[in-house]
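What follows is a set of notes on a single structure, which appears directly below.
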Amino acid sequence: MASNVLSVEHALDQMNLRRLSPKRLSLMPRQRRWSIGIRRPKPDLGVINPAYAGRRTRYVYATLTDQLPKAAGVAKLDLSLSTIDRDDCVVASRIYGPGCYGGEPFFVPREHDNPEAEEDDGYLVTYVHNENTEKSKFIVDAKSPNLDIVADVMLPGRVPYGFHGIFVKENDLNML
């Protein structure tokens with residue numbers, strides 16, 4: 001459920017087919033059914049705990065956007081709650097506020113080397129730019145119903161919308 005391209009709505013606009021905007025995304029790998037209702041703002045640019053790459057995942061963290069690359073917020077989706085009969089699997093979300101837009105989030109596990117850690121035990125990290133004040137912040141959200149901010153760092157310059165990020169452990173940097 002991740003996309004690095006323009007939204008479907010953008011493509012439909014270019015073809016003058018906006019009225020055909022999608023309302024639902026259904027995934028049925030091996031007949032295990034998931035269904036995610038498309039709402040405004042809609043989830044996009046999903047990420048997971050990198051320790052679960054290539055494995056069954058329960059949680060997806062996605063930007064909430066009406067128009068890429070500007071993300072109005074971020075949401076945590078619990079795929080175990082999504083069925084063909086239930087649209088809403090969002091279990092936590094944060095809207096950045098008027099004039100504030102963020103980028104693609106990335107998930108940083110609290111304990112990188114702990115195989116017993118829960119899948120959602122970690123931090124969701126992204127940047128947010130306030131178009132009203134022209135200031136940018138780097139924010140860290142915690143495992144909570146509101147994705148509470150546990151760190152808020154003012155950036156010395158603006159980070160462009162659509163900028164992709166990655167978290168690299170200090171140990172890995174030292175090996176270079």
Side-chain angles (χ1 to χ4, degrees), residues 1-9 21-97 100-128 137-152 161-169:
M1 195 180 106
S3 170
N4 286 330
V5 298
L6 293 175
S7 68
V8 172
E9 286 86 356
S21 177
K23 300 295 182 213
R24 176 182 299 269
L25 169 67
S26 297
L27 307 171
M28 293 184 260
R30 296 186 189 160
Q31 299 306 314
R32 293 176 189 240
R33 299 174 178 217
W34 293 284
S35 176
I36 300 170
I38 305 298
R39 66 166 77 78
R40 296 275 180 227
K42 69 180 186 313
D44 206 343
L45 298 171
V47 297
I48 62 170
N49 179 336
Y52 283 75
R55 298 173 31 199
R56 181 185 304 259
T57 59
R58 178 175 175 183
Y59 299 106
V60 174
Y61 303 88
T63 61
L64 295 175
T65 181
D66 278 333
Q67 178 183 357
L68 283 175
K70 291 182 174 182
V74 66
K76 175 182 176 182
L77 289 73
D78 183 342
L79 299 179
S80 72
L81 300 178
S82 182
T83 67
I84 212 67
D85 300 319
R86 182 174 172 154
D87 290 342
D88 196 5
C89 60
V90 174
V91 294
S93 65
R94 168 170 290 284
I95 300 297
Y96 300 133
C100 296
Y101 301 98
E104 177 183 23
F106 50 98
F107 185 86
V108 180
R110 187 181 315 268
E111 299 178 63
H112 293 278
D113 301 321
N114 181 359
E116 302 299 317
E118 293 181 15
E119 180 182 348
D120 64 340
D121 188 16
Y123 303 98
L124 194 60
V125 182
T126 192
Y127 68 88
V128 174
K137 297 189 282 189
F138 185 70
I139 63 169
V140 180
D141 301 302
K143 177 182 171 180
S144 69
N146 300 317
L147 295 176
D148 295 329
I149 296 175
V150 296
D152 180 331
Y161 297 125
F163 188 78
H164 296 284
I166 188 168
F167 180 81
V168 180
K169 296 183 290 186

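Excluded from the calculations below are hydrogen atoms, water molecules and symmetry mates; all remaining heavy atoms, backbone and side chain alike, are included. Just so you know, these numbers come straight off a predicted model, no measurement behind them.
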[X] and [Y]: which non-hydrogen atoms are nearest, and at how many Å?
X      : Y      : value
Ser93  : Leu147 : CA-CD1, 4.0 Å
Asn114 : Glu116 : OD1-N, 2.8 Å
Ile149 : Ala151 : CG2-O, 3.1 Å
Gly103 : Thr126 : O-OG1, 3.1 Å
Asp78  : Arg58  : OD2-NH2, 2.8 Å
Pro105 : Val74  : CG-CG2, 4.0 Å

- Message: If the condition is salt bridge (Lys or Arg N to Asp or Glu O under 4.0 Å), which residues does Glu111 pass it with, not counting sequence neighbours?
- Response: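 By the salt bridge (Lys or Arg N to Asp or Glu O under 4.0 Å) rule, Glu111 matches no residue at all.
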
Sequence neighbours left out, what passes side-chain contact (heavy atoms from CB on, under 4.5 Å) with [X]? Give chain and number order.
X      : result
Ile95  : Leu64
Thr57  : Ile48, Tyr52, Leu79, Glu119
Asp148 : Arg94, Ser144, Asn146
Tyr101 : Lys70, Glu131, Tyr161

- Item | Listed partners of Tyr61 passing ring pair (Phe, Tyr, Trp, His ring centres under 6.0 Å), at least two apart |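 Scan of Tyr61 (ring pair (Phe, Tyr, Trp, His ring centres under 6.0 Å), adjacent residues dropped) gives Phe107.
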
- Heavy-atom side-chain contact between Tyr127 and Ile139 under 4.5 Å: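 No, side chains not in contact.
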
- Message: Distance check, rounded to the nearest 0.5 Å: Lys143 atom NZ versus Arg110 atom CZ?
- Response: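 So the NZ of Lys143 and the CZ of Arg110 are separated by 7.5 Å.
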
